[in-house]
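Right, one structure below, let's go through it.
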Amino acid sequence: MQIARTKQEVRDAVAAARSEGLSVGLVPTMGALHEGHMSLVRRAVEECDYSVVSIFVNPTQFGPGEDLEAYPRDLETDAKLCEGEGVNLVFAPSVEEMYDSNSCTVVSVKGLTEGLCGAHRPGHFDGVTTVVCKLFNIVQPDRAYFGLKDYQQFVVVRAMTRDLDIPVEIKGCPTVREEDGLAASSRNRYLNERERRAAPKLYEALLAGARAAREGATGREVERVVAEVLGQEPLFRPQYIRAVDPETLTPLGDSSGPMVIAAAAYLGDTRLIDNVTVEG
Ligand code: AMP
């Protein structure tokens, strides 16, 4: 497995693979790889002849006061995990390599980025779409793999790819969870023992909302159910709880039907997000 630090190394390696007629898959990550990431990696390795994992803690998607400096970084362990799964190339650029000092272009998706996490993290999705667009241009993959745990991110990246005619197929992969239901996340390691014990309540609350939705509850009623169950755990400070249309991400309000129930909540200083989908 090759570890590339520069865009040119990636371009050369991918060009060589392409000249052999190999299909190329990309898994964009910020590293500190866990089972959630690895499920995407395994799928890429399974479905593509040549798999690339990018590991880059992208500063432009962090807001002031967020955890950019504290964000866990462990390239050595990450690279070993990738190698163990049969990944061909890890791309781990520096910030300077990724962003030209005169960089002045931002890729911005409208509408879909305004609610949910976008409402609470101004500029976050511009950072995500800009870096993902750059990674698509550097790697030029046939397929790229994203976790449905970050549902809004998946929908936003899919829209960007469609709108900018980027020839890459976007694959959404199901959320991987710990045994007690907590969605795997690099940020889980910030939780202390007490917070970690409380954390599965978020998924439990979303599941209660999903049950209500299947019994015909409206978006607003579903949100109330989720808030009530989450409220049973006083350590949680909810940031938003929303039942939204799976395609447009607009709140269902007084309608019922297929929905994604998404929530963000703080446990101490740690912000957790999760969602469940209720099919029609
Ligand atoms: P991150 O390193 O947090 O930027 O995540 C990189 C990719 O892994 C994103 O597409 C995430 O949605 C995905 N991911 C993170 N956690 C999980 C999980 N628990 N299950 C599935 N995918 C995940």
- Query: Side-chain contact, heavy-atom cut-off 4.5 Å: E9 with F91?
  - Reply: no

- Ionic contact status for E35 with R42, cut-off 4.0 Å: yes

- Assess whether side chain to side chain donor-acceptor pair (under 3.5 Å) is satisfied between S94 and E97, documenting all intermediate values. CA-CA 5 Å; S94 65; E97 173 66 15; 5.5 Å; no

- Query: What residues join V176 in its hydrophobic cluster, counting side-chain heavy atom gaps under 4.5 Å, either direct or through other members?
  - Reply: none

- Item | Nearest-0.5 Å distance, CG of residue L230 to CD of residue E204 | 9.5 Å

- dist E20:CD -> D49:CG (nearest 0.5 Å) comes out at 9.5 Å

- salt_bridge(R18, D142) N-O dist < 4.0 Å: yes

- Message: Taking H34's backbone N and O only, do any of them form a donor-acceptor pair with H37's side chain (distance below 3.5 Å, no angle check)?
- Response: yes

- Item | Electrostatic pair K80-E85, nearest N-O below 4.0 angstrom | no

- Query: So do the side chains of R271 and S185 get within less than 4.5 Å of each other, counting heavy atoms only?
  - Reply: no

- Query: If you round to the nearest 0.5 Å, how far is CG of L182 from CD of E179?
  - Reply: 12.0 Å

- Does the side chain of E195 pick up a donor-acceptor pair with the side chain of Y190 at under 3.5 Å? no

- N-O pairing of K149 and D274 below 4.0 Å: no

- Query: If you group Ile, Leu, Val, Met, Phe, Trp and Tyr by side-chain heavy-atom gaps below 4.5 Å, do I138 and V27 land in one group?
  - Reply: no

- Item | CA sep, side-chain torsions, deciding dist, call: Y203, D180, side chain to side chain donor-acceptor pair (under 3.5 Å) | CA-CA 9 Å; Y203 183 48; D180 58 10; over 6 Å; no

- Note on the structure: When every non-hydrogen atom of V229 is compared with those of A205, the smallest separation belongs to CG1-CA, 3.6 Å

- Message: Let me confirm one number: the CD-CG distance from E221 to L252, rounded to the nearest 0.5 Å.
- Response: 11.5 Å

- Under the salt bridge (charged side-chain N to carboxylate O under 4.0 Å, His left out) rule, what pairs show up with a residue in residues 112-133, not counting sequence neighbours? E66-R121

- Item | Connected via hydrophobic side-chain network under 4.5 Å: F154 and V260 | yes

- Note on the structure: With Y151 as partner, the option from L249, L116, V276 fulfilling side-chain contact (heavy atoms from CB on, under 4.5 Å) is L249

- Are side-chain heavy atoms of P72 and R189 found at a separation under 4.5 Å? yes

- Indicate yes or no: at least one non-hydrogen side-chain atom of R73 is less than 4.5 angstrom from one of Y71. yes

- Task: Check the hydrophobic clustering (I, L, V, M, F, W, Y; side-chain heavy atoms under 4.5 Å; chains of links allowed) and say if I55 and M30 are grouped together.
- Result: no

- Message: Does atom CZ (R194) have a neighbourhood of more than 12 heavy atoms from anything else shown, all under 6.0 Å?
- Response: no

- Message: Check this for me: D269, atom CG, are more than 12 non-hydrogen atoms of other residues, nucleotides or ligands nearer than 6.0 Å?
- Response: no

- Query: Does the side chain of P93 reach to within under 4.5 Å of the side chain of M98, using non-hydrogen atoms?
  - Reply: yes

- Item | Residues E223 and R242 bridged, charged N to O under 4.0 Å | yes

- Query: How are the rings of F56 and Y99 set to each other: parallel, tilted or perpendicular (split at 30° and 60°)?
  - Reply: tilted

- Message: Please determine whether a side-chain nitrogen of the Lys or Arg among R197 and E193 lies less than 4.0 Å from a carboxylate oxygen of the Asp or Glu.
- Response: yes

- Rounded to the nearest 0.5 Å, what separation is found between the NZ atom of K171 and the CG atom of L26? 14.0 Å

- Message: Let me check something: do L207 and F236 share a hydrophobic cluster, defined by ILVMFWY side-chain heavy atoms less than 4.5 Å apart, either directly or through other members?
- Response: yes

- Query: Do M259 and D245 come within less than 4.5 Å of each other through their side chains, counting heavy atoms only?
  - Reply: no

- Answer yes if V244 and F146 sit in the same cluster of Ile, Leu, Val, Met, Phe, Trp and Tyr residues linked by side chain heavy atoms under 4.5 Å apart, and no otherwise. yes

- Task: Nearest 0.5 Å please: distance from the CG atom of N275 over to the OG1 atom of T175.
- Result: 5.5 Å

- Query: Does some side-chain heavy atom of P167 sit less than 4.5 Å from a side-chain heavy atom of F136?
  - Reply: no

- Task: Would you mind reporting whether V90 and M1 have side-chain heavy atoms less than 4.5 Å apart?
- Result: yes

